[in-house]
Structure formats: structure tokens, C-alpha cells
There are 2 protein chains.
Amino acid sequence: MNSISVLLVDDHTVVRSGLKALLGTQADIGVVGEAASGEEALEAAQQHAPDVILMDLAMGAGMDGIEAIKQLRQRTPKQAIIVFTTYDSDADIVRAVDAGAMGYLLKDAAPEEIFAAVRGAVQGKSVMSAPVASRLFQQLRNPDEILTPREAELLSLLTEGLSNRDLGKRLFISEATVKTHLAHIYAKLGVETRAAAIATAIRREGMR
Amino acid sequence: MNSISVLLVDDHTVVRSGLKALLGTQADIGVVGEAASGEEALEAAQQHAPDVILMDLAMGAGMDGIEAIKQLRQRTPKQAIIVFTTYDSDADIVRAVDAGAMGYLLKDAAPEEIFAAVRGAVQGKSVMSAPVASRLFQQLRNPDEILTPREAELLSLLTEGLSNRDLGKRLFISEATVKTHLAHIYAKLGVETRAAAIATAIRREGMR
DNA sequence: ATTGGTATCAGCCAAAAGGTGGAGGGACCA
DNA sequence: TGGTCCCTCCACCTTTTGGCTGATACCAAT
């Protein structure tokens with residue numbers, strides 16, 4: 001009975017069935033459930049009690065991946081969560097690891113890499129795609145540049161072109177607080193205007 | 001022998017196997033080949049002579065999806081190409097259709113939608129996801145969205161985070177003129193702030 | 001010759017953004 | 001317990017943007 005049970009969380013049907021097909025080729029790994037949203041993931045995690053949860057961060061509507069990770073960690077801390085996503089945004093990596101992710105794979109990872117991550121996760125090993133790892137490493141080296149979770153969140157919304165007022169509404173904070181966060185973000189990114197911050201953020205990877 | 005042969009082009013292994021698994025459930029559809037890049041796609045298209053090519057636009061390295069479509073259309077014009085991608089960037093849609101795509105599906109499309117698109121494509125029908133269709137329609141309605149050379153120049157500098165004053169200096173024009181151009185750009189892009197314009201411009205491709 | 005598009009410039013005004021400095025509460029850790 | 005982040009908020013002030021209205025000039029096509 002040493003089959004590793006896996007729960008897949010992704011809003012794309014094709015990605016789910018792709019992973020299922022891929023993981024199905026491994027005798028020691030079995031997909032026990034699927035979920036298309038953060039909410040569904042919470043339910044499914046309790047129902048199936050999987051060993052590993054493979055989760056996309058970007059979920060169309062409702063709860064986002066980071067929030068889902070946080071809640072999962074609270075409710076069922078024994079389950080290992082591996083982030084499996086397309087983009088390797090700086091902020092996402094930090095936030096995901098912070099929220100309690102065990103691994104971080106990009107969707108173009110080789111099948112072997114995925115298998116290794118799943119097997120490693122149950123043993124408490126943390127596996128990540130090479131580009132992700134290097135980025136995370138870079139961030140740890142100059143901690144001045146790391147945005148706090150809240151700042152990252154703000155920056156991400158910033159790249160959608162929102163005004164300070166809208167940012168405040170979206171995050172349920174005052175415009176004053178938005179300005180404070182922005183000032184910190186500018187300082188950390190080494191820019192002076194929101195325009196430059198957006199340009200930096202989007203080009204600096206990921207954030208598309 | 002009325003099975004529709006399909007070639008899958010996507011740099012993500014999981015997406016390919018997902019599509020394969022999904023399409024495999026349909027008796028009248030068969031996957032005859034896979035490719036992970038534009039170059040591979042050209043080869044595979046000649047080798048397998050598929051009826052339909054399902055292709056992701058965003059391919060990691062090498063030739064991008066749009067270029068691949070163009071070349072495929074030249075070499076094997078009988079094959080129907082369906083774009084199957086995650087992001088519904090305005091520019092991508094227009095460029096893909098322009099390059100000769102028969103359909104445009106988003107990756108979160110329902111399986112039925114995908115089947116319908118494949119079947120429709122061999123009959124010369126063009127199928128697209130609802131959000132894509134509406135966006136395309138919008139674009140056709142205002143062809144005014146084309147920026148003049150000067151405006152494009154300005155927009156490009158804008159994405160570097162310059163202020164109006166700096167833009168003026170850089171282009172040897174007054175700040176007033178900069179503002180005029182910007183107003184025109186905003187109108188054409190359908191945004192109200194420079195922040196949104198930058199976000200749109202950078203994501204809208206090319207400008208990275 | 002008139003029209004249309006592009007590029008250039010002005011002035012005025014309201015709104016938004018950015019800079020400065022300060023402040024309190026909560027979490028975490030030594 | 002004290003220090004250190006992080007998040008939250010406020011007031012005041014300057015600079016920057018954006019919206020509006022209008023103008024001149026060049027060029028090309030009708």
C-alpha cells in the first residue's frame with residue numbers, strides 16, 4: 001500500500017487530465033481526486049486525505065492559490081503541497097513558499113521532474129524547477145529587494161493599471177495605506193514612479 | 001476511415017497528454033503527432049499530414065506560435081489550425097487570425113467545446129471561445145486602435161517609466177505635445193491612465 | 001481646393017500621485 | 001521585555017497627470 005495519493009488542483013481541464021495521464025504511468029503514484037478551484041480543493045483535501053496536493057496558483061475565479069495553500073496548511077498540515085504553475089513570478093514564489101508550499105514546479109517541467117517532486121514531497125523534501133530555485137536564491141541573497149506579501153500583492157494589482165483609490169478598495173485598505181506600500185515598493189525596486197514600477201514588475205518576470 | 005487526425009503543438013508535456021487523453025475519448029478523433037516547438041510543428045505537419053493542428057501560441061524558446069502558423073499556412077494550407085492558449089491578449093487574437101488560424105480556444109474551454117472546434121475546423125468552420133469572440137468583435141469594431149508611428153514611439157518609451165517631461169526631452173518635443181500624444185494613445189488603447197497603458201503595452205506583446 | 005490625418009504647441013483646471021514625517025497595534029523572536 | 005517587522009492610518013504639501021478646448025502647419029489623396 002505504498003502508493004502515493006495525489007490531489008490535482010487546476011482550473012484547466014486539460015492540465016488535470018494531462019497530469020492524471022502522466023502520473024498514471026507511475027505504479028507508485030495514484031490520483032485520488034481533482035479540484036478546479038480553491039474552494040473545491042479544501043473539500044477534496046478533507047475527503048480524500050491525499051499525501052500530496054499538486055496545485056496551480058492561478059485559479060480563474062474565487063479563492064486564489066496562495067490563499068488555498070494557507071488554508072490547507074491550517075486544516076491538514078500533513079499534506080504536502082506542490083505548486084505547479086506556468087509563470088515564475090518572483091512574488092508568487094516567495095508567497096507560495098511562505099504560505100507553506102513544499103515544492104514549486106513550472107508547467108513545462110519534464111515528467112521525471114514531476115515524479116521526483118511528488119515522491120520527494122512525501123519524504124519532506126522540497127523540490128523546485130531550476131529556474132524557480134535560482135530565482136528564489138537570488139531573492140534570499142539580497143533581502144532588501146524582497147517585497148513583503150502585502151507589497152507583492154499590491155504590485156501585482158498595480159500592473160493591472162489600477163489607481164490608488166481602486167487599489168484601496170480592492171484590498172480593503174485606505175488610500176493612505178496604499179501610498180505607504182507604494183513608497184516602500186518603489187524604494188525596494190529602485191524606481192521613483194508607478195510607471196517605472198509597473199515596467200520593472202512586468203519585465204522582471206512572471207507577472208503577466 | 002473518417003477519423004479526424006490531429007497534431008498537438010504545445011511546449012508543456014502535461015497539456016499535450018491532457019489533450020491526448022481528452023481527444024482519445026472521441027472515436028472520430030485521433031492524435032497522430034505531437035510537437036513541443038514551432039520548428040517541430042513544421043516537421044510533424046509534413047510527416048503526419050494531420051487534418052487539424054491544435055497549437056499553443058506561447059512557446060518557450062525558438063519560433064513563436066504566430067510565426068509557426070504563418071509558415072504552416074504557406075506549406076500545407078489544407079490543414080486547419082486551431083489556437084489553443086491560456087491568455088486572451090487582444091493582439092494575439094488578431095495576429096493569430098491574421099496569420100491564418102481557424103479557431104481560437106482558451107485552455108479552460110470545456111471538453112465539448114474543444115471537440116466541437118476540432119470537428120468544425122475540418123469542415124471549414126471557425127470556432128472560438130466566447131470571451132475570445134467578443135474581444136475580436138470589439139477590435140473589428142474599432143479599427144482606430146492602430147497607433148501612428150510617433151505614438152508607438154512614445155508608447156515604447158512610456159514603458160520605460162519616463163515622465164512627461166522626460167518623454168519630451170527624449171523626443172525633442174514639448175510636454176504639451178507629449179500630453180496630446182498620450183491622450184490619443186489612451187483613447188486608442190481604451191485606457192484612462194498611463195499605468196494601464198504601460199500594462200497593456202507590455203503585455204500586448206512585443207514590447208518587452 | 002477641400003478634406004483628413006499627423007505632428008506640433010498652449011493654457012486652464014481638477015484629479016491623482018508622490019514626498020515627508022509621524023503614529024499605533026500586532027506578531028515574532030531573542 | 002525589548003527590538004524588529006509588518007500593516008495600518010493621518011495630515012500637509014508639491015509635482016505630475018489627465019481632460020478640455022483650441023490652434024498652426026505639413027502632406028497626401030480626392
Side-chain angles (χ1 to χ4, degrees), chain A residues 66-67 70-71 73-74 77 90-92 94-100 139-201, chain B residues 142-201:
Chain A
I66 302 284
E67 184 56 31
K70 282 186 197 159
Q71 301 220 10
R73 295 262 58 182
Q74 283 192 334
D90 293 355
D92 282 357
V94 175
R95 290 199 301 154
V97 171
D98 217 60
Q139 291 225 321
L140 293 180
R141 277 199 330 178
N142 26 345
D144 291 343
E145 273 191 35
I146 331 171
L147 301 181
T148 67
R150 196 54 160 174
E151 286 163 1
E153 204 176 348
L154 225 136
L155 180 57
S156 149
L157 287 176
L158 196 63
T159 65
E160 285 171 23
L162 297 174
S163 67
N164 289 349
R165 185 170 306 163
D166 292 336
L167 289 171
K169 282 183 189 163
R170 194 77 88 82
L171 299 174
F172 304 106
I173 56 180
S174 81
E175 214 177 315
T177 306
V178 170
K179 284 175 146 193
T180 304
H181 284 310
L182 284 181
H184 293 160
I185 291 173
Y186 297 161
K188 289 183 181 176
L189 294 184
V191 299
E192 284 114 43
T193 67
R194 80 167 38 208
I198 292 173
T200 305
Chain B
N142 19 336
D144 296 336
E145 269 194 38
I146 319 152
L147 300 181
T148 68
R150 196 57 161 169
E151 284 163 2
E153 201 178 351
L154 224 137
L155 180 56
S156 149
L157 287 177
L158 196 63
T159 65
E160 285 172 22
L162 287 101
S163 68
N164 289 349
R165 186 171 306 162
D166 293 336
L167 288 170
K169 282 182 190 165
R170 194 78 86 82
L171 298 173
F172 305 105
I173 57 181
S174 80
E175 214 177 313
T177 307
V178 170
K179 285 173 113 186
T180 305
H181 285 309
L182 283 181
H184 292 160
I185 291 173
Y186 297 162
K188 288 182 182 178
L189 294 185
V191 299
E192 284 116 41
T193 68
R194 82 167 39 206
I198 292 172
T200 305

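Every chain is numbered from 1 and lettered A, B, ... according to where its sequence line falls, protein lines coming before strand lines. Please read these numbers as outputs of a predicted model, since none were measured by experiment.
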Taking the side chain as every heavy atom from C-beta outward, state whether [X] and [Y] have any pair of such atoms under 4.5 Å apart.
X: A:I185; Y: A:L158; result: no
X: A:V178; Y: A:L171; result: no
X: A:L154; Y: A:L157; result: no

Below 4.0 Å: OP1/OP2 of [N] and any side-chain N or O of [X]:
X: A:R150; N: D:dC7; value: no
X: A:N164; N: C:dA16; value: no
X: A:S174; N: D:dC9; value: yes

- Task: Measure the angle between the two terminal helix axes of the helix from C:dA1-D:dT30 to C:dA30-D:dT1, five base pairs each, and quote it to 10°.
- Result: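 Overall, the helix from C:dA1-D:dT30 to C:dA30-D:dT1 bends by 40° from one end axis to the other.
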- Message: Need to verify one output field. Residue with the more 5' nearest nucleotide on DNA chain C, B:T193 or B:H181?
- Response: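 By nearest-heavy-atom nucleotide position, the 5'-most residue is B:H181.
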- Query: Could you walk me through whether B:S174 and B:T177 pass the side-chain hydrogen bond (donor to acceptor under 3.5 Å, both in side chains) check?
  - Reply: CA-CA 5 Å; B:S174 80; B:T177 307; 3.2 Å; yes
Rounded to the nearest Å, what distance is computed from the [atom1] atom of residue [X] to the [atom2] atom of nucleotide [N]?
X: B:K179; N: C:dA10; atom1: NZ; atom2: P; answer: 12 Å
X: A:L171; N: D:dC7; atom1: CG; atom2: C1'; answer: 12 Å
X: B:I198; N: D:dG18; atom1: CD1; atom2: P; answer: 9 Å
X: B:R165; N: C:dG18; atom1: CZ; atom2: P; answer: 15 Å
X: A:Y186; N: C:dG19; atom1: OH; atom2: P; answer: 8 Å
X: B:L182; N: C:dT6; atom1: CG; atom2: P; answer: 16 Å
X: B:R170; N: C:dT8; atom1: CZ; atom2: C1'; answer: 20 Å
X: B:L167; N: D:dT15; atom1: CG; atom2: P; answer: 19 Å

- Choosing from D:dG19, C:dT8, D:dC7, which nucleotide comes nearest the side chain of A:P149?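 Minimum distance to the A:P149 side chain belongs to D:dC7.
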- Message: If you only use heavy atoms from C-beta on, which nucleotide in C:dA7, D:dC9, D:dG18 is closest to the side chain of A:I173?
- Response: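 From the listed options, D:dC9 comes nearest.
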- With a 4.0 Å cut-off on heavy atoms, is A:T177 in touch with a base, just the backbone sugar-phosphate, or nothing at all?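 Result for A:T177 = base.
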- B:T180 near the nucleic acid: base, sugar-phosphate alone, or nothing, with a heavy-atom cut-off under 4.0 Å?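 Touches a base.
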- Can you tell me if B:S156 uses its side chain to pair, donor with acceptor, with the backbone of B:A152 under 3.5 Å?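 Between the backbone of B:A152 and the side chain of B:S156 there is no qualifying donor-acceptor contact (under 3.5 Å).
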- Which residue lies toward the 5' end of DNA chain D, B:E175 or A:A176, if each is placed at its nearest nucleotide?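 Closest to the 5' end, via its nearest nucleotide, is A:A176.
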- Task: Identify the two heavy atoms, one from A:R194 and one from A:Y186, that lie closest to each other, and give their separation to 0.1 Å.
- Result: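 In this case the closest contact between A:R194 and A:Y186 is CB-OH, 2.9 Å.
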- Do NZ/NE/NH1/NH2 and the carboxylate oxygens of A:R170 and A:E153 come within less than 4.0 Å?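 No, A:R170 and A:E153 are not salt-bridged.
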